[in-house]
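A short worksheet on the structure shown next.
Values in this document were obtained by computation on a predicted structure and should not be read as measured data. Order of listing sets the numbers, starting from 1, for every ligand and every atom in it.
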Amino acid sequence: MCGIVGYIGGQQAAPVLLDGLAKLEYRGYDSTGMAVYDGREIRMVKATGRLKVLDALTKGGSTLSGTAGIGHTRWATHGSPTDTNAHPHFNGSASIAVVHNGIIENYQKLKKKLENRGYQFVSETDTEVVAHLLDRYYTGSPLEAIAKVMHRMEGSYALGIMFRDHPDEIYAVRKDSPLIVGKSSQGNLIASDVPAILKYTRSVYFMENEEIAKLSRDSITFYNIDEEELVKEPSEISWDISAAEKGGYDYFMMKAIYEQPKAVADTMSPRIRDSRIVLDELGMSDEEIAQISKIYIVACGSAYHAGVTGKYVLEGMARIPVEVDLASEFRYRNPILDTQTLVIVISQSGETADSLAALREAKTRGSRVLGIVNVVGSSIAREADHVLYTWAGPEISVATTKAYSTQLVALYLLAMKFSSVRGTISEAEFTSMLEALQQLPRQVEFLLGSQERIQKFANRYLAADHIFFIGRGLDYAISLEGSLKLKEISYIHSEAYAAGELKHGTISLIEEGTLVVAVLTQEELYPKMLSNIQEVRTRGAFVMAVANANHADLEKNADYVIYLPEINPYFTNSLAVIPLQLFAYYVALGRGLDVDKPRNLAKSVTVE
Ligand code: G6P
């Protein structure tokens, strides 16, 4: 949610900022802006729309000369996406420039106080308060002003700040919104995420909450909120820039879809040794696993849907009661937690504000938290008691595919580990599941081969008004994800229903020609699903079925069938999701939409 970049060094700053912002557009893309110190003044250019508008306005950055600057790509929260509301924001005399990611929760109170002192606001944003507040407390020392302002602000913020009086410095501040600092021989950088600076350096400092960084051309100094200097060690980023580039694909989403066999294998393989599941990295003893009396899975968006799958799998295999909750609900509903409750927080980014708040709530109430996280060193990874990383690599497209698939694998591994420790599955069942699990990358690869067929089918539904997804049990869990994928990138209204629930209301929406995607991979529920398919077909629906390969008879009962390779029933979601992702992708593509950057969305939602 909003991307920040900053650079100070020997090169022209604006092209470096544009380059970094291009890697951060997944965080928001309704408006952009840069501020660069040109030797006398801080000059600023802002534009509504995508980064290409700013790029054109500044001729690739060439019209903004100077070697120190800050840039921003916005996902509007306070104030609509306009040039004026775009970041950076200035104080009244344009001597302090600020870019911000997060929300200053007490901004109205602060704004009133500032207005009473004569400060004039030009934008509707909460961020402008920061620029004026800095002005109010600045008496020559940026560090002192920043610390004073931090004491007065509530909420979450990652900030990039420049002071005209200190042209050889840029400042970075972090509280509850991600920010990293990169150290390179060509200059130093700040950014919301690693891909923005990977072209220049792999040496990265992860800022902690309430830390301040002062960057000059050849030095980086960190301070705490009491202005005391801190000693921090940089981390080396091990992945390559090519992981964050399109590599010949039209869209990042398609690249990520095709990376799934590898992502699934990378998440699974290091944890399978000598026919056992080894999760030593969790730091949970068998005794601790045996004592878990209840599990909550808490997450947002697709990660929540992975959690719904997790409930079926964990309850089914390990016989532990599992409740799945949306993080935004869980954190405010006074959940019943104790020391024997394990809270699993699932998050690709590890920065989602509600998921992070849910984690903190759970810890405060004495429960242990296990994070299933993709971004190494992210807030959720750092604050959870136990972490199981998904090794999906950087995921750039807003709609998640490969990260979701690796979250499923992480949940399977946990469920199998917990089951074997608690003795809820036999040795023979365990062995057969382990074999099935190891087939997954190859089977996902196989399904990706149906791309052309699915594209043809998708092209028939480009003008659909509504599409429904139905399933039972685990197939209901995957229907939720299939429906979300479709609606978020194609803007076609879509809903997922537990197939048995359809007749309690939703069936009234089925008309002649309505597409219903039915998922039927759970053998014991197959006859029930057939009845549900009949119910909708009788009312005119066209049914696309996703089913196990052994049901050739389905052709008579559905209008279009996609068959999945044979797999253990617990793991079918990992296969069923592939045609559903491809279907959503091709519908969006056929409708001429920007698949990677759906309207109104952002990948990393760092505000409530
Ligand atoms: C946003 C993204 C979704 C994602 C959700 C949770 O809404 O658009 O794709 O599933 O956030 O994100 P997280 O990083 O916590 O998995």
Q: Going by the side-chain hydrogen bond (donor to acceptor under 3.5 Å, both in side chains) test, name the single residue among Gln407, Gln348, Gln581, Glu259 that passes it with Lys402.
A: Glu259
May I ask you to list the atoms of ligand 1 that are less than 4.0 angstrom from any heavy atom of [X]?
| X | result |
| --- | --- |
| Thr400 | 9 (O) |
| Val398 | 8 (O), 9 (O) |
| Ser347 | 13 (P), 14 (O), 15 (O), 16 (O) |
| Ser302 | 10 (O) |
| Gln348 | 13 (P), 14 (O), 15 (O), 16 (O) |
| Ala303 | 10 (O), 16 (O) |
| Ser349 | 13 (P), 14 (O), 15 (O) |

Q. Looking only at distance, does Thr352 have an N or O less than 3.5 Å from an N or O of ligand 1?
A. yes
Q. Does Asp596 come within less than 4.0 Å of Lys255, counting only side-chain N to carboxylate O?
A. no
Exam field: side chain [X] to backbone [Y], donor-acceptor pair closer than 3.5 Å:
| X | Y | answer |
| --- | --- | --- |
| Asn106 | Glu154 | yes |
| Arg365 | Pro335 | yes |
| Asn374 | Ala392 | yes |

Return the closest protein heavy atom for [atom] as residue, atom name and distance.
| atom | value |
| --- | --- |
| atom 8 (O) of ligand 1 | Ala602 O, 3.3 Å |
| atom 1 (C) of ligand 1 | Lys603 O, 3.5 Å |
| atom 7 (O) of ligand 1 | Val605 CG2, 3.9 Å |
| atom 6 (C) of ligand 1 | Cys300 O, 3.4 Å |

Q: Inspect the surroundings of NZ in Lys262 and state if more than 12 heavy atoms from other residues, nucleotides or ligands are less than 6.0 Å away.
A: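 No, NZ of Lys262 has 12 or fewer neighbouring heavy atoms, counting only those of other groups under 6.0 Å.
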Q) Is it true that atom NZ of Lys199 has more than 12 heavy atoms of other residues, nucleotides or ligands lying nearer than 6.0 Å? A)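 It does not: Lys199 NZ has 12 such atoms or fewer within range.
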Q.
So, taking the atom named CD1 in Ile396 and the one named CZ in Arg27, what distance separates them when rounded to the nearest 0.5 Å?
A. 11.0 Å
